[in-house]
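This report concerns only the one structure given below.
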Protein chains: 2
Amino acid sequence: MSKPGAYTRADVVDTALRLLDQYGLADLSMRRLAAELEVQPSALYWHVPNKQTLLALVSDQIIGRAAPVDDLGDWKATTLAGATAIRNALMAFRDGAEVVSSTLALGLGADGALARIRGGIDQYCPDAEIARVSAESILFLVLGQVWHEQQRMQADSLGVVAPAVEANPEDAQAASRVLQEQIDSFEFGVGLILAGLETRMAAVR
Amino acid sequence: MSKPGAYTRADVVDTALRLLDQYGLADLSMRRLAAELEVQPSALYWHVPNKQTLLALVSDQIIGRAAPVDDLGDWKATTLAGATAIRNALMAFRDGAEVVSSTLALGLGADGALARIRGGIDQYCPDAEIARVSAESILFLVLGQVWHEQQRMQADSLGVVAPAVEANPEDAQAASRVLQEQIDSFEFGVGLILAGLETRMAAVR
DNA sequence: ACCTGAACACCGTTCAAGT
DNA sequence: ACCTGAACACCGTTCAAGT
């Protein structure tokens, strides 16, 4: 904003996020991003040290846009709400889960995701180590599931394989059923971990 | 084997697996693989339609080398043994978890992994849908954890960040403690899901 | 402070042609 | 059946130089 025509780092990240959502991670190259900004590829390296860092910043944006988590009284409900907020944030951008997974594996960004899930757990679990491992388990579960779903959505849209439900004239109905199944298995999986943690906590007492 | 000097698909996959373990996924290119086989890059496309498929075949090798799972009587112990076998298989090759994660997300191969985990669950859980979702949850957890660990190992070896435990003269002791912590949190996480499933099953009855 | 121009060292994939 | 040679359309990154 110092000069017209001069981009800021935030502009670069925002554009990367938009390209990610429009064309997917495979087509998000530094050169394509530069072209979109009508700038030479080398110009990007003034704003960002490398692509890895850029993707970490993109991940932070994705996670940062997750809805704030209310304290619902019940710690299990609160934790599920946190996990759901992360899930929805990942789903809001094409290949969101893959991008966040890789930068998280690199230990680069997106620690906000863990924090959001720990909110509910910490208020009930006194052992910080147990809380951390439990929250990580939930996060891995959410990332794995959403990644799987997003890949499926893309495969379906490309017609690579037959959609799970087809040959049904009421496509909207079928699609909503698939969606419901995904939500169900999401809540089921998180519920398993929460129930397991509860058992574990009760046993110690 | 038809002519000396003529490679088979298995040769290509084996060499890819070896390069993966030696240099990591980032340096496993079709061109490098071709060079290793002393062949032109284009020659690979006679054996394999594309890189994606090659990586799926590599994944199948990684998972296929997992130890067979004995029935331990207790379904929880059997399932944990299955998950541990998968974990060890992933750990046996550099970037094993990342390779398997991505091809699994593409829905390409490595279904053997799910099957191995379901072995223990199926013999106790009558509902196939619940068994499937539970096994998937465990698989996502294992993949996420091992990916995380393998990335940490690489970061440590490159000296990018300070290792978790350092400044200790007894390095071997510190390393074995880290290893034990990883195994503990692995068994803890899987244990949560198994305990949760048990609770869930008991409630239905 | 922000960007261009040019270069370096790579990619995956296709396809006609060879043996 | 298995591979070469040559090409196409790309990559990420560096770095001197410009304004």
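When reading the values below, keep in mind they use all heavy atoms of this one structure, side chains included, and skip hydrogens, waters and symmetry mates. Order of the sequence lines sets the chain letters (A, B, ...), proteins ahead of strands, with each chain counted from 1.
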Using modelled atom types and a 3.5 Å cut-off, is there a donor and acceptor pairing between side-chain atoms of Asp11(A) and backbone atoms of Thr8(A)?
yes
From dT4(D), dA1(C), dT4(C), nucleotide with atom closest to Gln40(A) side chain:
dT4(C)
Contact check, residues 13-25 of chain A vs DNA chain C, heavy-atom distance under 4.0 Å, returns none
Shortest non-hydrogen pair, Phe186(B) vs Val142(B), comes out as CE1-CG2, 3.6 Å
Can you check the distance between dC8(D) and dA9(C), where both ends of the measurement are the P atom (answer in whole Å)?
22 Å
Could you tell me whether the side chain of Gln150(B) and the main chain of Phe93(B) form a donor-acceptor pair under 3.5 Å?
yes
Out of Val190(A), Leu72(A), Ile117(A), which residue meets the side-chain contact (heavy atoms from CB on, under 4.5 Å) rule with Leu80(A)?
Val190(A)
Between C1' of dT4(D) and CG of Leu44(B), the distance in whole Å
13 Å
Within less than 4.0 Å of OP1 or OP2 of dC3(D), is there a side-chain N or O belonging to His47(B)?
yes
Say whether Arg65(A) and Gln61(A), considering side chains only, have a donor N or O and an acceptor N or O under 3.5 Å apart.
yes
Annotated structure of DNA chain D as dot-bracket, pair cut-off 3.5 Å, Watson-Crick or G-U only, | for inter-strand, is ||.|||||...|||||.||
Any chance you could measure Thr79(B), atom OG1, to Arg118(B), atom CZ, to the nearest 0.5 Å?
11.0 Å
Single hit among Glu149(B), Glu187(B), Gln145(B) for side-chain hydrogen bond (donor to acceptor under 3.5 Å, both in side chains) with Arg87(B)
Glu149(B)
When every non-hydrogen atom of Ser134(A) is compared with those of Phe188(B), the smallest separation belongs to OG-CE2, 3.6 Å
Distances under 3.5 Å between nitrogen or oxygen atoms of protein and nucleotides 8-13 of chain D:
from: dC11(D); atom 1: OP1; to: Ser29(A); atom 2: OG; distance (Å): 2.9
from: dG12(D); atom 1: OP1; to: Met30(A); atom 2: N; distance (Å): 3.1
from: dG12(D); atom 1: OP1; to: Lys51(A); atom 2: NZ; distance (Å): 2.9
from: dG12(D); atom 1: OP2; to: Met30(A); atom 2: N; distance (Å): 2.9
from: dG12(D); atom 1: OP2; to: Arg31(A); atom 2: N; distance (Å): 3.3
from: dG12(D); atom 1: N7; to: Arg31(A); atom 2: NH1; distance (Å): 2.6
from: dG12(D); atom 1: O6; to: Arg31(A); atom 2: NH1; distance (Å): 2.8
from: dT13(D); atom 1: OP2; to: Tyr45(A); atom 2: OH; distance (Å): 2.8
from: dT13(D); atom 1: OP2; to: Lys51(A); atom 2: N; distance (Å): 2.9
from: dT13(D); atom 1: O5'; to: Tyr45(A); atom 2: OH; distance (Å): 3.4

Got Thr53(A) and Leu108(A) here, is their nearest side-chain heavy-atom distance under 4.5 Å?
no
To the nearest 0.5 Å, what is the distance between CG on Leu104(B) and CD on Glu136(B)?
8.5 Å
